[in-house]
Amino acid sequence: SAVISQKPSRDICQRGTSLTIQCQVDSQVTMMFWYRQQPGQSLTLIATANQGSEATYESGFVIDKFPISRPNLTFSTLTVSNMSPEDSSIYLCSVGERVGNTEAFFGQGTRLTVV
Amino acid sequence: QKEVEQDPGPLSVPEGAIVSLNCTYSNSAFQYFMWYRQYSRKGPELLMYTYSSGNKEDGRFTAQVDKSSKYISLFIRDSQPSDSATYLCATIRSGYSTLTFGKGTMLLVSP
């Protein structure tokens, strides 16, 4: 199993600002993912963070709003840009496999409130 | 129609009860089925996964998949207050890495 440290654990931000969330894994992993968990909604994949190349975004999510970095096999960041109250959510980092991702591990999440 | 449907609950049971948590899915291409447990203010943790149809048991937990009806179940025997959490079902297509989650069911086990 992988141990995932996510920072910050929570934050309250002003609308129009940006927040960068960090995800550190205790071992090298192939796949890193970023999810959003809104109240009453399914855990939704934002993007797959690719090491050495641009992230792969899911439908409804764009790089300008959620830029992602993956400088190495143990670290990734997600930035939530130009925030609005609708961005208030829990953001989760996950690691898993490229194929047959049946044992995905999650960080503890970042609880973001935009005021 | 959502790809994975799950009743959000809450489901309240007394300690010692048998709990049944369920999901339905619509995409017949899903091959792997997972159950995650999420405590308040924590990330989801994997409980167990099954491949295709059948049962899988791990201690007090049993996962069951019926592909003919596209129905996923998690049974918890002798439920404990420490089982109080949100339970998320998830599925994945063979050869892919993208998980599709249900909304989660909140379970409350009272002493």
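Below, chain A is the first sequence line, B the second, and so on; all start at residue 1. The figures that follow rest on heavy atoms only: side chains count, while hydrogens, waters and symmetry mates do not.
- At a 4.5 Å heavy-atom cutoff, the contact between A/Q37 and chain B is made by side-chain atoms alone.
- No more than 12 heavy-atom neighbours from other residues, nucleotides or ligands sit within 6.0 angstrom of CE on B/M106.
- When all heavy atoms of A/S42 and B/G102 are compared, the pair lying nearest together is OG-C, 3.7 Å.
- Residues A/L45 and B/L99 fail the side-chain proximity criterion, which asks for heavy atoms closer than 4.5 Å.
- For A/K7, the NZ atom is loosely surrounded, since the number of other residues' heavy atoms within 6.0 Å does not exceed 12.
- Put simply, CG on A/L43 and OG1 on B/T100 are 10.5 Å apart, with the number rounded to the nearest 0.5 Å.
- In the hydrophobic clustering of this structure, B/L47 groups with B/Y25; members are Ile, Leu, Val, Met, Phe, Trp, Tyr whose side-chain heavy atoms approach within less than 4.5 Å, directly or through other members.
- In this structure, the portion of A/L92 lying under 4.5 Å from any heavy atom of chain B is its side chain and not its backbone.
- Residues A/L78 and A/I4 do not share a hydrophobic cluster, defined by chaining ILVMFWY side chains whose heavy atoms lie under 4.5 Å apart.
- At a threshold of 4.5 Å between side-chain heavy atoms, the hydrophobic network of Ile, Leu, Val, Met, Phe, Trp and Tyr places A/M32 and A/F75 in two separate groups.
- Between chain B and the residues A/C93, A/G109, A/G40, the largest count of heavy-atom pairs under 4.5 Å involves A/G40.
- Under the 4.5 Å side-chain contact rule for hydrophobic residues, A/W34 and B/L88 do not share a cluster.
- Other residues, nucleotides and ligands contribute only 12 or fewer heavy atoms inside 6.0 Å of the CZ atom of A/R15.
- Of all non-hydrogen atoms in A/R111 and B/R41, the two that sit nearest each other are NE-NH1, 3.0 Å.
- The line from CZ of B/F101 to OH of A/Y35 is 5.0 Å long, rounded to the nearest 0.5 Å.
- Looking at B/Q6, neither its backbone nor its side chain comes within 4.5 Å of chain A, counting heavy atoms on both sides.
- Looking at B/P44, the atoms closer than 4.5 Å to chain A (heavy atoms on both sides) sit in the backbone and in the side chain alike.
- Atom CG of B/L108 has more than 12 neighbouring heavy atoms from other residues, nucleotides or ligands inside a 6.0 Å radius.
- For the atom pair NZ (B/K42) and CZ (A/F106), the distance works out to 15.5 Å, reported to the nearest 0.5 Å.
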